[in-house]
Amino acid sequence: MSVAVSHAAPVAAPPPPEPEPAKTNYLNVSHTIWSWLFTVDHKRIGILYLVSITVFFIAGGIAAGVVRLNLLSPNGAIVTEDAYNRAFTAHGVMMLFFFLIPAVPAVLGNFFIPMMIGTKDLAFPKLNLASWYVFIIGAALAIWSVLAGGIDTGWTLYPPYSTRASQSNVIPGVVGVFISGFSSIMTGLNIMVTIHKMRAPGMTWSRLPLFVWSLYATSLIQLLATPVIAITLLLLTVERAWGVGIFDPALGGDPLLFQHLFWFYSHPAVYIMILPGMGVISEVLTCFSRKNIFGYHAVAWSSMGIAVVGFLLWAHHMFVAGISFYAALLFSLLSMLVAVPSAIKVFNWTATLYRGSITFQAPMLFALGFVVLFTIGGLTGLYLATLGTDIHLHDTYFVVAHFHFVMVGGMVMGYFAGLHYWWPKMTGRMYSDWWSRVAAAIIIVGFFLTFIPQFWIGYHGMPRRYPNYPDKFHVFNVMSTAGSSILGLGYLLPAFYLTLSLFYGKKATANPWSATGLEWQTPSPPTVHNFDSTPVVVCGPYEYAIGVDQMGRGLPEPPGPGGAEGPEGRVGITGPPGPMKKETEVVG
């Protein structure tokens with residue numbers, strides 16, 4: 001018989017015995033290639049996305065390496081000017097459209113959203129599988145366009161160069177990005193419907209984990225903004241293929257129209273990339289500081305604020321493109337306004353860390369790196385939002401450094417934090433604690449050495465996308481290339497120790513980090529349908545102060561400073577366990 005539990009101060013039971021590792025789990029239920037290619041299990045689809053985007057991360061990284069190596073010399077070190085254009089375009093297209101945008105929503109969101117809200121799968125399992133196939137078809141076209149000669153327009157594809165003058169494979173690349181956009185729409189729709197309709201009993205909106213809030217806000221942007229870029233790329237293809245005057249002024253078109261449509265999607269797309277990373281950071285910081293999140297509602301609603309305001313400031317990319325002075329003033333003000341909800345998050349994360357019992361496992365190191373690098377990226381963004389300074393800094397390496405501090409220092413660090421945090425749950429194996437910390441340190445050092453010099457050379461006038469530059473910038477470009485080499489080493493290390501962990505890693509317990517979320521109440525790796533019985537949520541997502549999970553049960557003792565191999569004892573307040581609901585009962 002269960003006893004009522006107060007929502008304000010849930011009473012915890014002694015934690016249940018550690019669940020036995022699942023004899024049949026989502027990984028070993030079937031081993032055939034067809035069982036993977038035709039699966040509708042959200043966890044397996046998340047793994048398919050993980051493998052796919054890792055390929056594009058490596059390909060985009062190789063293209064970035066070509067760019068940096070060429071800039072070792074003021075006159076170009078290894079490739080021609082035309083090949084340089086194709087290399088940085090390939091880097092931008094692959095990293096943005098085929099890695100950064102799908103990384104957290106399609107991999108970690110796919111895998112963990114159903115588990116975090118206490119359900120068996122996403123709302124539309126077959127649509128979920130279709131989204132992966134659509135992504136692969138679009139990515140294959142884009143890869144073919146790169147291998148068959150490349151694209152030399154830059155990832156922004158500005159006409160009239162992309163519609164008339166360029167002799168490269170613009171149409172296949174554009175069609176590939178166009179097709180992959182439907183994958184983004186499918187994923188966003190699936191996640192949003194799942195969050196609305198399939199939450200476990202007791203999982204109210206104010207009890208949702210912040211990662212779920214961030215994916216909900218991201219899905220809103222995906223559904224509203226992606227169709228705009230789709231129709232824009234379709235119009236671009238029509239103009240290039242059939243000479244219809246849409247954007248080309250020589251044909252009676254308007255190139256500024258393309259910029260307005262392109263950036264109406266592409267600036268909210270920045271938040272498609274960064275919002276999920278922010279959600280990951282909220283999960284990791286609370287876990288490894290052993291504190292309840294500071295200002296839960298402020299952090300949750302700031303995600304929605306970023307999603308809404310992010311639609312209103314696209315034209316700050318066009319301050320030197322010919323828009324009116326008064327429009328520029330308005331967009332400058334709105335660009336500064338979006339910094340407010342981001343600053344709310346950083347303030348609340350910092351307050352969460354204050355006087356916390358902090359341990360420095362790899363997920364925490366990546367999360368702290370995110371906070372520092374994202375904050376620098378956000379502050380330097382204010383220079384670009386200010387009308388006067390943007391005129392000087394526009395299209396210089398200052399913009400490159402700012403963008404990479406936000407996207408690479410922010411999003412990639414957030415993705416790595418989430419991957420290291422949930423890897424034991426995904427695979428049932430622990431990775432090397434020492435090597436993972438070394439990788440985090442190398443990435444942070446390499447990142448600073450790569451991009452801090454770019455702020456200086458950008459401020460002093462070096463334009464981006466140029467293969468040649470004055471001799472006075474030589475030393476700083478050598479520093480930046482050296483830093484990118486260190487950064488590349490830091491990114492390669494996880495590939496090795498995470499892969500090795502699959503074969504030699506220590507078996508993970510159900511809750512190695514002593515976290516509070518519902519996903520940690522399943523075996524590692526999870527069973528096919530996640531839960532044997534539907535959990536009933538009785539408290540908020542972060543009750544570290546009283547040591548209970550969302551079902552009101554006591555937590556295992558958290559790992560010590562040495563990592564997840566810490567003490568095996570458990571803590572918890574004596575009392576009855578939270579209620580459970582059988583699968584046969586109606587879930588509200």
Side-chain angles (χ1 to χ4, degrees), residues 100-101 210 213-226 228-229 256 259-279 281-282 294-351 370-395 398-399 401-407 409-411 414:
L100 286 171
I101 287 176
L210 290 169
W213 271 104
S214 71
L215 264 292
Y216 185 86
T218 302
S219 299
L220 181 67
I221 302 174
Q222 288 174 308
L223 288 175
L224 296 180
T226 308
V228 177
I229 192 65
L256 279 185
Q259 293 190 37
H260 278 294
L261 292 172
F262 181 86
W263 290 114
F264 183 81
Y265 163 80
S266 294
H267 198 85
V270 170
Y271 305 113
I272 293 177
M273 302 176 221
I274 201 67
L275 271 171
M278 291 174 165
I281 299 312
S282 296
F294 183 90
Y296 168 88
H297 289 95
V299 178
W301 284 103
S302 66
S303 295
M304 301 303 295
I306 289 172
V308 172
V309 179
F311 277 99
L312 306 177
L313 45 89
W314 73 90
H316 72 228
H317 295 273
M318 303 168 60
F319 284 161
V320 299
I323 62 174
S324 76
F325 176 71
Y326 295 104
L329 285 177
L330 176 62
F331 281 105
S332 178
L333 175 64
L334 291 170
S335 299
M336 294 183 183
L337 181 62
V338 79
V340 174
S342 300
I344 288 172
K345 287 184 181 293
V346 174
F347 171 80
N348 283 274
W349 292 333
T350 306
F370 174 101
V371 174
V372 173
L373 299 178
F374 171 76
T375 301
I376 294 173
L379 291 173
T380 54
L382 295 177
Y383 291 88
L384 302 174
T386 304
L387 192 55
T389 52
D390 181 74
I391 291 173
H392 172 64
L393 298 171
H394 189 83
D395 265 344
F398 191 97
V399 178
H402 155 72
F403 182 79
H404 282 80
F405 262 89
V406 174
M407 288 295 99
M411 178 55 215

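Position 1 is the first residue of the sequence, and the numbers go up from there.
Two residues are said to be in side-chain contact when any heavy atoms from C-beta on lie closer than 4.5 Å; Gln259 and His317 fail this criterion. No side-chain heavy atom of Met278 sits less than 4.5 Å from a side-chain heavy atom of Leu210. The shortest distance between side-chain heavy atoms of His402 and Leu393 does not fall below 4.5 Å. By the 4.5 Å heavy-atom criterion applied to side chains, Leu387 and Phe325 are counted as neighbours. Two residues are said to be in side-chain contact when any heavy atoms from C-beta on lie closer than 4.5 Å; Met304 and Pro341 fail this criterion.
Listed for the Ser332 side chain is no donor-acceptor partner under 3.5 Å among the backbone atoms of Ala328. In this structure, Thr218 contributes its side chain and Leu275 its backbone to no donor-acceptor pair below 3.5 Å.
Note that CD1 of Ile229 is 9.5 Å distant from CH2 of Trp263, once rounded to the nearest 0.5 Å. With values rounded to the nearest 0.5 angstrom, Phe403 atom CZ is found 15.0 Å from Phe398 atom CZ. Note that the CG atom of Leu379 and the CD1 atom of Ile376 stand 8.0 Å from one another [nearest 0.5 Å]. Note that CG of Leu382 and CG of Asp390 are 12.0 Å apart. Values are rounded to the nearest 0.5 Å. Remark: Ile391 CD1 to Leu384 CG distance equals 12.0 Å, nearest 0.5 Å. In this structure, the separation between CG on Leu333 and OG1 on Thr386 is 11.0 Å, given to the nearest 0.5 Å.
Taking every heavy atom of both residues into account, Tyr265 and Ile272 meet most closely at CE1-CD1, 4.3 Å. Contact detail for Ala217 and Ala307: the closest heavy-atom pair is O-CB, 3.8 Å. Shown here for Pro268 and Ala225, the closest heavy-atom pair between the two residues is CB-CB, 4.3 Å. Heavy atoms only, all atoms of each residue included: Ile323 and Met318 are closest at CG1-O, 3.5 Å. The two atoms that bring Gly377 and Thr380 nearest to each other are O-OG1, 2.9 Å, heavy atoms only. Across every non-hydrogen atom of Thr226 and Gln222, the tightest pair is OG1-O, 2.8 Å.
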Stepwise side chain to side chain contact (heavy atoms under 4.5 Å, CB included) test for Val399 and His394: CA-CA 7 Å; Val399 178; His394 189 83; 5.6 Å; no
Working note: Trp349 + Phe370, criterion ring-ring contact (aromatic ring centres under 6.0 Å, His included); need CA distance, chi angles, decisive distance, verdict. CA-CA 11 Å; Trp349 292 333; Phe370 174 101; 5.8 Å; yes
As a quick check of understanding, evaluate side chain to side chain contact (heavy atoms under 4.5 Å, CB included) for Lys345 and Ile281, giving each step before the final call. CA-CA 10 Å; Lys345 287 184 181 293; Ile281 299 312; over 6 Å; no
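Listed by chain and number, the residues in a ring-ring contact (aromatic ring centres under 6.0 Å, His included) with Tyr216 are His196, Trp205 (sequence neighbours excluded). Here Tyr271 pairs with His267 under the ring-ring contact (aromatic ring centres under 6.0 Å, His included) rule; sequence neighbours left out. Partners of Phe264 by ring-ring contact (aromatic ring centres under 6.0 Å, His included), not counting sequence neighbours, listed by chain and number: Phe311, Trp314.
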